[in-house]
Amino acid sequence: MEPVLSALKYFFYRLLTLAITLVGLVTLIFILIRSIPGDPARVLAGMMASEEDVNLIREQLGLNQPIYIQYFIYLKNLFTFNLGVSFRTDSPVINEIMARLPNTLLLAVTSTCLAVILGVPLGVIAASRKGGKLDLLLSTFSIAGISLPIYWLGLILILIFSVEFRLLPAGGSGTPLHLILPTVTIALYLMAFIVKITKASVIDSMEKNYVITAKSKGLSERTILYRHVLKNALIPVVTIVGLQFGALLGGAVITETIFAWPGLGRLIVDSINSRDYPMVQGSIFIFALLYALVNLATDILYTLIDPRVRLK
Amino acid sequence: MRKALNKLAAVAAVVVIVAAALVFLLPQLQPTPTSSTTTSTSTTSTSTTSTTTSSSPPVTQKVLRIAIGIDADTLDPHAQTTTLISNIMSFMTEPLFYYNEKGELIPYLAESYTVSSDGLKVTVVLKKGIKFQDGYPLNATAVKVTFDRLLNPKVKVPSRYLLDALNSTDIIDQYTVRFNLKYPYAPFVRTLTTWYVISPLAYQKLGEENIGKTPINLGTGPLKFKEWVKGDRIVLSRFDGYWGGPVKFEEVVFKIVPEAQTREAMLLSGEVDIVYQPPPADLPKLNNTAGVKLAINPSTRVMTVNINTQRGPLKDVRVRQALNYAIDKNALIKNVLFNLATIADSPVYPAFFGYSPQKVYEYNPEKAKQLLAEAGYPNGFKLTLMVPTGRYLFDRQVGEAIQAYLSKVGITVELYTPDWPTFVQNLLYSNYTSAPWDLCYVGYGMTTPDADAVLYPVFHSSQWAPGKFNTMFYKNERVDKLLDDARREVDEKKRLQMYAEAQSIIWEECPWIFLYFQNFVLAHSDKVHGVVVYPYETFDLRWVYVS
Amino acid sequence: MHQNNVVAEVRDLKVHYSMGSRTIKAVDGIDFTVREGDRFAIVGESGSGKSTLGLSLIRLCPGKVSGQIIVDGVDLMKLSEEEIRKFRGSKISIIFQEPSSALNPVMKIGDQLMEVFTVHGYSKSEAYQRSLQLLKTVGIPEAEKRMQSYPHQLSGGMKQRVVIAMAIALNPRLVIADEPTSALDVTIQAQILNLLKNLADSYGLSTVLITHDMGVAAEICNRIGIMYAGKMVEVGELESIFSNPMHPYTRALMACIPRGLKEHLKPLSGHVPDLSNPPEGCRFHPRCPYAKDICASVEPKPLKLDDRVVSCHRAGEI
Amino acid sequence: MSEQYVRLIKSKRVQICLFIILSFIFMALFADLISPYDPLETDLSKSCKPPSIEHLLGTDELGRDILSRIIYGSRLTLTISFLATALGAVTGIFFGVVSGYFGGAVDTIIQRITEILLALPGFLLAIMFVAIMGSSLWTVIISVSISIIPSFIRMVRGLTLQVRELEYVLAAKQLGVNNVKIMFKHIIPNVSPTIIAQITLNLGTSILFASGLGFLGIGVPPPAPEWGTMLGTGRAYIFYAPHLIISPGLSIFLLVLSFNIIGDRLGEIIASK
């Protein structure tokens, strides 16, 4: 019974801290978005609309109520998971987000998987052939990959594959073909990162005593690498990939802009530009929720890989 | 013992497949009533009775695909704020009148109109035998329901100010309707080109909450609403009972692709047939690309630099004229805008009623310096130029070019580039002292083809900001009187003289740096025939077919 | 004193490795033999190169190794990497000092134990049975449960027992134990030493015990070799060396063992020499009370004196 | 400490990177002397011309010389990245040490704030921040430093927690040394090598972030020749004049690469000590 109890206690603690962070975040966004000049009602009504129409819209949007009332209404709705209605499109914020969220997730998941599938083996090779020609090549690739500005890489890929060779669409979504360039752009950065950490952590694990014990048992170099070292070396990789996945969602803003990928990142940028308060607050809330879930998942994954770690 | 690695790769691969499958399926499974209910199953099998005229090549493509830049906020025909979406609405719902390339008023759903001697009653006779998409006949009741909805304060109608003069609508008989005006307003009939008539039956069935989401069978237009998937596409299907004869394609899909480069790539790869506003920088290349045709027309959007005429040196007419001489409009259009603009010789669009051409301020920096010296500013002064980013064609580059030109005549310009909502806030909501700008690069897109629609709201002194559009805080009694009289003058010849005089005074006093009308570009594959583009940033699909 | 055949013989073993610009001569020419059933202790202060010697016997230490290591008549130095691997675990095995880091933290104890068998050709089921039996032999309670648990769930002593189990799994000809108990607290040390002794007796294992603690050596070994600065200064039967230490360094070490409470200990002055440039002549001479000028110039040859081999110019005199 | 930096300088790769960085700094300092044209002087007749002899890197959409804009741009990029990293590092270190050293309520509050900053994607916060403050050099610097602060707080807090338990810190406490002195005299010098490695890496990431803002069009206001903005504007001409996006991107890449290699090498040396 004891492990279940401690796990429950752990989850409760995590949820509590998450709730506090989310409320803090939503309040920060609530204040930030409202301190941006520019009146949503006017943007909605259009530049040529008359003053009465603008006031009418302002009432409909409930923007004429005092700030703190708007804030409490928002918090009350938030607890019932009602994110309100978008100013711009009059449809519930949650539907707009759900229409866009899968695209962002699809991009994030495919690029992370691509990066892990290629990054980890390359990292292991770089470590096992430490100092060799291949290691030098892989390390320079990984350092270059991290230093490459994503947005420049995106443009260069478009220049080559859409402009010169017209093989791949320059942007937009719909067919799997559209997925290739954005995924490669993100995956390249992530893969460079994973190669670096995997190599460092494999080298670090190779120096541990249990490797010498394994050798003394007569195991071959390769067996030791895959049976003993890899599992230990993957622990830091999991944490970093988890953190990076969260940062990836943030980075989606740029990649989605370059490739016109209809994801959540772009939705937030467009909503900020059109002062669609409920949409901005709602989507950032979902973003933060997703980020917290990813962190929780990483911790759980952590305990699966490393038996020493208990959910404390 | 590569087991660990294979296991890892296998797991990752499974995750990818599951994620991809899940995501592709998700939107389809998504039970979102509001955004993507398809009304009728797609008709692919029915035989097409294409009425091909003998000379043109046979129609080979049933679905017309058009790539557009922005998504609709709403599909309510009366709540439109952008020309593009309003253009799409014009395929579903139609106005009483429209105006052709030369700006002449052409009866559309209406047969004819008469204006009473005192100018307070406008009687319109409707064409007979026109049916709405839901079978309801076009009659006076439909027109009354439409205009009553337009005046109803609870309904969000952004350009309601155009109907300021309308008091009420009466039904005379089944096909005649009378508009009662509060005061004589000559341009009224021309404003009837902007309001789309809706079917009372369909309007009742849809109700206010659905009219903006799924306008099913709402109008008399050649195309019916079929589907709207937020952020992705708007699909219209052919209305066989259209009074002007059915169109030659079964369905048109408007693909929403915000990036101009992507729209262009889709055209070149054959993914779409027509592209709205391709990337301007690529027009020279597109012009001589095989299989691509360009339709370039001036649009009614006049681009100008508003001058705050009440501030410091800008109070002096000579300074304002100097600003006009200091800008090389030809070089700006040729090198920055890739010839996508036509120099303006009047604030009024050439095809509009009341247009009177003036002498363009040619590029003459020496004269500008001389005028500045005369006005007492030999070594210039400092100004702030406010420019939006990403709203108009190359707006930031034009801002930087203007800054460079003015610095050449000694005026140092600081660029202020806020995002659109802040820009609109600063433009419309500050008075002449609090405005955080001295000059402001902005465009006015007028929908009503009448000089009054441009001159009155912008140059009449009663329309000073905040809240209204005289953001130059311009005041000239003579111009005010001319504009007031012209509104009420029924005799068209007299109205023309008044507007001509008003335009020459305004041109002389330069409340604006007069620049150009922005061009509107439609690129389409040469397989597409019959595309008609109007000089109001709109295009017509009635005669389009793909062979 | 049983005179049966020789299990392992080390001739002129040298291990040098480079650290930056300097080359460290950790083991600088060592000779000794281990006979069947011998428990041979190698004693020396820390930094005398004894751990390097231990690792080099199983050819696991980095650096340049020269000389001969003959186990069961086969010189390990001549074996290819492939062949030496077959030797490791089956013919020769090692027990490390740090039980907590010697085991793979993310692998079950059972798997790590069974690995020794499966690598050397045993089937999975047979490996499981033998591992289970081994855990019982080394005195670990609830063996089945322990097979499934992870290293961090075991105490230090328990883990050392698992390491020992691994080392004796295939009844190797030679077991090297490098400071097996120094990382454990005192009460557990005695148990582990006892375990080692019993196992060695019952399985007839010849072991090489590397330690800095004379007491531990005295406890379970029958022969002893004293190492100083990479060289073997005195090798022989434990009783006779303990009763009559000939080499001055051995004597000094003996003086450090607390015999009773009364005697206070005579600390040895000076500190262990730098192995990258050891002193001329006899390496102990700077700290040797009996040193003569010859000691400072000529390196003493190992001298056979009754049952012992001593490298000291004045052996026998003092 | 100095021995580490000696080893750092010895590696060939680091020398090349130092050379690159120094040449960019040289460009920034003497931009007025070495740049062939005035970066702001436009000539519409020569817009979008590919590289030629007079204009080695070609001209941009308003006929300005791209090489001069790159040279002047280095001044902007370096100032932004150094100031932002300094600001971010100082604030991050301060809160990191405080939250690590005192623990308890202080620690939880700072941790919650860091979590909020981490949960909110850097660019989104920057977009809103620029929208409020209006785009200017200082808004970019502050937005960039905000994006660095959480990672610094996390790192320094971790280090402080380790160092806090070491004997010499406890000893100093017993001697009655006040907390502030302990924090700044004992803890920070001890953790400083890792911090310096992190700072070098952060110089790289802050350049990426700052030019990212420029790319999104919310960076330093025009007509300032900032590399990110040049990249963002060049995007519209990608089919027509691709050379517009090559040189700014390459400069960003080279500078960031140099910082990363040095930071990485320093990290390795510290780890292997």
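Sequence lines set the chain letters: A, B, ... in the order given, protein chains first and strands last, and positions in each chain run from 1. Quick caveat, the model's predicted, so the values are computed rather than measured.
Going from atom CG of Asn260(D) over to atom NZ of Lys196(A) covers 7.5 Å, rounded to the nearest 0.5 Å. Summarising the geometry, atom CG belonging to Leu136(A) is positioned 7.0 Å from atom CZ belonging to Arg13(D); distances are rounded to the nearest 0.5 Å. How far OG1 of Thr21(A) is from CD of Gln111(D): 10.5 Å, rounded to the nearest 0.5 Å.
Using a 4.5 Å heavy-atom threshold, the side chains of Leu120(D) and Ile29(A) count as touching. In this structure the side chain of Met128(D) reaches within 4.5 angstrom of the side chain of Ile284(A), judged on heavy atoms. A 4.5 Å side-chain heavy-atom check between Phe123(D) and Val269(A) finds every atom pair outside the cut-off. With contacts defined as side-chain heavy-atom distances shorter than 4.5 Å, the pair Leu148(A)/Val256(D) does not qualify. Taking the side chain as every heavy atom from C-beta outward, Ile252(D) and Trp152(A) never approach each other to under 4.5 Å. Using a 4.5 Å heavy-atom threshold, the side chains of Phe287(A) and Leu124(D) count as touching. Counting only heavy atoms from C-beta outward, the side chains of Leu155(A) and Phe215(D) approach each other to under 4.5 Å. Residues Ile150(A) and Leu208(D) fail the side-chain proximity criterion, which asks for heavy atoms closer than 4.5 Å.
For a residue to count as touching a neighbouring chain, one of its non-hydrogen atoms must lie under 4.5 Å from one of that chain's; by this rule Leu216(D) touches chain A with the side chain only. In this structure, chain A has heavy atoms under 4.5 Å from both the backbone and the side chain of Ile246(D). Residue contact with chain A, scored on non-hydrogen atoms closer than 4.5 Å, involves the backbone and the side chain of Ser211(D) alike. Contact annotation for Leu125(D): only side-chain heavy atoms (C-beta onward) come within less than 4.5 Å of a heavy atom of chain A. Using a 4.5 Å cut-off between heavy atoms, Ile113(D) does not touch chain A at all. The part of Leu28(A) that comes within reach of chain D is its side chain, from C-beta onward, which places non-hydrogen atoms under 4.5 angstrom from that chain. In this structure, the portions of Ile143(A) lying under 4.5 Å from any heavy atom of chain D include both its backbone and its side chain. For Asp264(D), the part lying near chain A is the side chain, with the backbone staying farther off; criterion is any non-hydrogen pair under 4.5 Å. For Ile127(D), the part lying near chain A is the side chain, with the backbone staying farther off; criterion is any non-hydrogen pair under 4.5 Å.
The candidate from Pro37(A), Ala144(A), Ser139(A), Gly24(A) with the greatest count of non-hydrogen atom pairs under 4.5 Å with chain D is Ala144(A). Heavy-atom pairs under 4.5 Å with chain D were tallied for Ile268(A), Leu290(A), Asp204(A), Ile158(A); the largest tally goes to Ile268(A). Ranked by heavy-atom pairs under 4.5 Å with chain D, the first of Ala200(A), Gly265(A), Ala292(A), Ser35(A) is Ser35(A). Interface remark: of the candidates Ile261(D), Leu117(D), Leu250(D), Leu254(D), Leu250(D) forms the most heavy-atom pairs closer than 4.5 Å to chain A. Of the residues considered (Thr205(D), Thr108(D), Ile238(D)), Ile238(D) shows the highest number of contacts with chain A, using heavy-atom pairs under 4.5 Å. For the set Leu32(A), Ile20(A), Ile258(A), the entry with the most heavy-atom pairs within less than 4.5 Å of chain D is Leu32(A).
Ala288(A) and Ala119(D) make their closest contact through CB-CB, 4.2 Å (heavy atoms, listed as atom of the first residue, atom of the second, distance).
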Please evaluate residues Arg112(D) and Leu25(A) with respect to the criterion side-chain contact (heavy atoms from CB on, under 4.5 Å), reporting the C-alpha separation (whole Å), side-chain torsions for both, the decisive distance (0.1 Å), and the verdict. CA-CA 10 Å; Arg112(D) 286 295 83 72; Leu25(A) 179 74; over 6 Å; no
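At most 12 non-hydrogen atoms from other residues, nucleotides or ligands lie less than 6.0 angstrom from CZ of Phe95(D).
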